[in-house]
Amino acid sequence: MTALLTFLSLRQRSIAVRLAVSALLASSAILLIAAWILTTLYRENTERAFDSRLLVFANNLATDLVSPSDPESRSFSLGDPRFDLPLSGWYWQVGRPDAKPRDLRTSRSLVGVPLKAATNPDGRAGIGQIRQGYGRAQDDRLLRIIERDVDLGEEGRYTVRIAGPADEIVNDVDRFRFSLFVTFGLLGLFLALTTLLQIRFGLAPLAQLRAALGAIRRGEADRITGSYPPDIAPLAGEVNLLIETNREILERARTQVGNLAHALKTPLSIIVNEVGSADAPGELAAKIREQASLMRDQVNYYLDRARAAALAGTLGTSTEVEPALAGLVRTFGKIYRDKDIAYEVSVPPGLRFRGERQDFEEMVGNLVDNASKWANGRVAIRAEAIGKDDYPHLLVAIEDDGPGLPPEAREAVIGRGRRLDETKPGSGLGLSIVADLAALYRGRFRLEEASLGGLRAVLEVPGDAPATAAHH
C-alpha cells in the first residue's frame with residue numbers, strides 16, 4: 001500500500017523529480033545488490049584462503065598419522081607455537097570418530113578440552129574428503145574448522161581436525177565491506193550529481209519552451225522562437241500554429257462584432273433622429289427616445305460582452321496596470337472636478353493584466369466611476385499581484401469614503417440593470433459589466449465594507465507579478 005501511494009505521489013511530481021527519484025532508486029538498488037554480491041564473493045575467497053592455511057596443517061597431521069609407528073604412540077608436531085599457547089584459537093585434534101576424550105590426541109592450546117566438530121560443515125562425510133565449517137571454542141570464540149578422515153586399514157579410521165580463529169575472516173570481510181561501502185557511496189554521489197546534470201541538460205529545451213510560452217502569456221512575444229531538438233520542435237510548431245489559428249478566429253470574431261454594432265446602432269440613430277424631426281407628440285417622442293437610448297445601452301452592453309468573450313482567451317495579450325490606472329484617474333479627476341476628490345493610487349511598477357487594455361479600463365473604469373459618484377472626498381485604488389508564481393493573479397481594490405452599502409444589498413446591485421440610486425446618472429449596467437467581464441477572464445468580483453467607511457470593490461483577474469514593488 002505504501003509503495004502504491006509512493007508511486008501515485010511520484011506520478012504527480014514534475015518530470016525532473018520523477019527522473020531524479022527513479023534514477024536514485026534504480027542506482028541505489030544496483031549498488032546494494034552489487035555490494036552484497038561482491039561481499040559474498042570476497043567472503044568465500046577469504047574463507048578458501050584461510051582453509052588452505054588450515055589444510056596445510058591438516059595434511060601434516062595426516063602425514064604423521066600414516067607413519068609406520070603405532071598410531072596411539074605417535075608424536076604430532078606442527079612446528080607452530082600458536083598451537084602450544086593456551087586458548088590461542090589455533091587448535092588441532094586427532095582421534096577415532098568414536099574415541100573418548102582421554103583417547104584423543106590434541107594440541108596444548110586446547111588445555112585438555114576436546115575440539116567439537118563444526119556446526120553444519122560444508123561437504124559430506126567421506127574418507128579423504130575435506131569438510132569446512134564454523135564452530136565455537138570452549139571460551140565461546142568463533143572458529144573456522146576443517147576436518148578430514150584418514151583410513152589406516154586394519155588400524156581403523158581416524159579424524160584429523162584443525163581450527164583457527166574466525167576473527168581473521170570476519171575482520172577482513174568487515175574491512176572490505178567498509179571500503180566497498182565508502183567506494184560505492186562516493187560512486188553513488190557521483191552518479192547522483194551526473195544524473196542531475198543530465199536531467200538539467202536533457203530538460204533544458206522544455207524549460208526554454210516554457211519560458212517562451214511565458215513570454216507569450218505576458219505579451220512579450222507573439223510566437224515561440226528558437227531552435228529545439230527534433231522530438232520537441234514539432235510541439236513548438238503545433239503551439240505556434242494554434243496561436244496563429246486562435247488569432248485568426250479572434251480577428252474574425254472582432255470583425256463580426258464590429259459589423260453587428262454598426263448594423264444595430266445605425267437604425268437606432270435613424271429612429272432617434274426621425275423622432276426628433278417628426279411632428280410626433282412630445283410624450284410619444286420622449287418615450288421613443290428613452291426606449292431607443294435603453295436599447296442602445298443594452299446593445300452596447302452585449303456587444304462589449306461578446307467582444308470580451310472573444311478576446312478573453314487571447315494568448316500574448318497583456319496590459320500594464322500603472323499607466324492604465326493613471327489615465328483613468330486623470331479622466332475621472334476631470335469629470336468629477338467639482339467634488340475635488342483626492343485619488344490615492346498604490347500600484348507596483350511592472351504589474352500587468354493578462355488581457356485587452358480596453359477590457360481592463362472597462363472594468364476598473366466602471367469601479368472608479370462608481371466610487372467617484374459616491375465618495376465624499378477620497379477614493380483609494382490599490383493593485384497588487386497575488387497567488388502562486390506559476391499562476392499569479394492581479395488584485396485591484398477600489399474604495400471610497402461614501403455612505404457605503406448594506407451587506408444584503410451588495411449582491412443585488414451586481415445583478416444586471418440594478419442601480420444603486422435612481423437619482424444618480426447612468427444605465428445601471430456598470431457593476432454588472434464588471435462582474436461579467438471578470439467571469440469571462442475566470443476572475444472574481446465582490447463588494448465589501450471599506451476601511452474608509454464606504455464601499456470597497458475587489459476585482460481579481462489574471463495578471464503577472466512585477467520584479468519589485470513600489471508605492472506612490
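Between Gln138 and Leu87 the shortest side-chain heavy-atom distance falls below 4.5 Å. Using a 4.5 Å heavy-atom threshold, the side chains of Leu31 and Trp36 count as separate. Side-chain contact check for Ile145 versus Ile162: every heavy-atom pair is 4.5 Å or farther apart. Residues Val321 and Phe360 have side chains in contact (heavy-atom distance under 4.5 Å, counting atoms from C-beta outward). Under the 4.5 Å side-chain criterion, counting only non-hydrogen atoms from C-beta, Lys373 is in contact with Tyr336. Counting heavy atoms from C-beta outward, Leu115 and Leu143 have side chains that approach closer than 4.5 Å. Residues Glu344 and Val379 form no side-chain contact, since every pair of their non-hydrogen atoms from C-beta on lies 4.5 Å or further apart. In this structure, Asp172 and Tyr42 have side chains that are in contact, with non-hydrogen atoms separated by less than 4.5 Å.
In this structure a side-chain-to-backbone donor-acceptor pair under 3.5 Å is missing from Lys116 to Arg136. With hydrogens and angles disregarded, no donor-acceptor distance shorter than 3.5 Å links the side chain of Tyr228 to the backbone of Gly226. Listed for the Asn370 side chain is no donor-acceptor partner under 3.5 Å among the backbone atoms of Asn366. At distances below 3.5 Å, at least one donor-acceptor pair connects side-chain atoms of Lys339 with backbone N or O atoms of Ser372. Distance alone, capped at 3.5 Å, places no donor-acceptor pair between the Asp401 side chain and the Gly454 backbone. Between the Ser88 side chain and the Leu85 main chain, a donor and an acceptor come within less than 3.5 Å of each other. Within the 3.5 Å criterion, the main-chain N or O of Ile224 finds a donor-acceptor partner in the side chain of Asn240.
For the pair Ala438 and Leu459, the tightest heavy-atom approach, listed with the atom from each and the gap, is CB-CD1, 3.7 Å. The nearest pair of heavy atoms linking Ala380 to Leu452 is CB-CD1, 4.0 Å. Contact between Asp359 and Tyr441 at its shortest, heavy atoms only, is OD2-OH, 2.6 Å. Here the shortest heavy-atom pairing between Asp231 and Pro234 reads C-CD, 4.0 Å. Shortest non-hydrogen contact noted between Thr319 and Ala324 is CG2-CB, 4.5 Å. Of all heavy-atom pairs between Leu196 and Ala20, the closest is CD2-CB, 4.3 Å.
Within the model, atoms CH2 of Trp374 and CG of Asp369 stand 12.0 Å from one another, a figure rounded to the nearest 0.5 Å. If you take CG on Leu24 and CG on Leu191, they are separated by 10.5 Å, rounding to the nearest 0.5 Å. Once rounded to the nearest 0.5 Å, the distance linking OG of Ser27 with CG of Leu189 reads 12.0 Å. Note that CZ of Arg43 is 6.0 Å distant from CD of Glu47, once rounded to the nearest 0.5 Å. Taken from CD in Gln198 to CG in Leu203, the straight-line distance is 11.0 Å, to the nearest 0.5 Å. Of the inter-residue distances, the one linking Asp400 atom CG with Leu367 atom CG reads 11.0 Å to the nearest 0.5 angstrom.
Looking only at atom types and distance, the side chain of Glu399 has a donor-acceptor partner in the side chain of Ser451 under 3.5 Å away.
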Check the pair Met363 / Phe353 against side chain to side chain contact (heavy atoms under 4.5 Å, CB included), numbers first and verdict last. CA-CA 12 Å; Met363 290 185 289; Phe353 161 67; 4.0 Å; yes
Audit row: Ile386, Glu384, side chain to side chain contact (heavy atoms under 4.5 Å, CB included) steps and yes/no: CA-CA 6 Å; Ile386 60 174; Glu384 62 179 338; 4.2 Å; yes
Stepwise ring-ring contact (aromatic ring centres under 6.0 Å, His included) test for Trp90 and Phe50: CA-CA 12 Å; Trp90 292 89; Phe50 195 80; 5.7 Å; yes
Decide salt bridge (charged side-chain N to carboxylate O under 4.0 Å, His left out) for Arg141 and Asp167; before the verdict, give the C-alpha distance in whole Å, the side-chain angles of both, and the deciding distance to 0.1 Å. CA-CA 9 Å; Arg141 188 177 184 180; Asp167 298 347; 3.4 Å; yes
Quick one, Leu55 with Ile146, criterion side chain to side chain contact (heavy atoms under 4.5 Å, CB included). Give me CA distance, side-chain angles, the key distance, then yes/no. CA-CA 7 Å; Leu55 185 59; Ile146 71 168; 4.0 Å; yes
Would Arg53 and Glu168 satisfy salt bridge (charged side-chain N to carboxylate O under 4.0 Å, His left out), going step by step from the backbone distance to the final call? CA-CA 12 Å; Arg53 295 165 57 191; Glu168 294 187 16; 3.1 Å; yes
Test salt bridge (charged side-chain N to carboxylate O under 4.0 Å, His left out) on Glu449 and Arg456 and set out the steps. CA-CA 5 Å; Glu449 182 178 355; Arg456 182 174 187 259; over 6 Å; no
Stepwise, does the salt bridge (charged side-chain N to carboxylate O under 4.0 Å, His left out) test hold for Arg446 with Glu460? CA-CA 9 Å; Arg446 62 183 184 274; Glu460 292 183 24; 3.0 Å; yes
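For Thr40, there are no side chain to side chain donor-acceptor pair (under 3.5 Å) partners at least two apart in sequence or on another chain.
For Asp340, the CG atom is loosely surrounded, since the number of other residues' heavy atoms within 6.0 Å does not exceed 12. Annotation: Arg442, atom CZ; neighbour count of heavy atoms from other residues, nucleotides and ligands within 6.0 Å does not exceed 12.
Figure legend: cation-pi geometry between Arg144 and Tyr134, with NZ or CZ positioned under 6.0 Å from the six-membered ring centre and within 45° of its axis.
Applying the salt bridge (charged side-chain N to carboxylate O under 4.0 Å, His left out) test to residues at least two apart or on different chains, none of the pairs has a partner in residues 195-205.
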Could you give the side-chain donor-acceptor pairs of residues 173-181 under 3.5 Å, partners two or more places apart or in another chain?
from	atom 1	to	atom 2	distance (Å)
Asp174	OD1	Arg177	NH1	2.8
Ser179	OG	Arg175	O	3.0

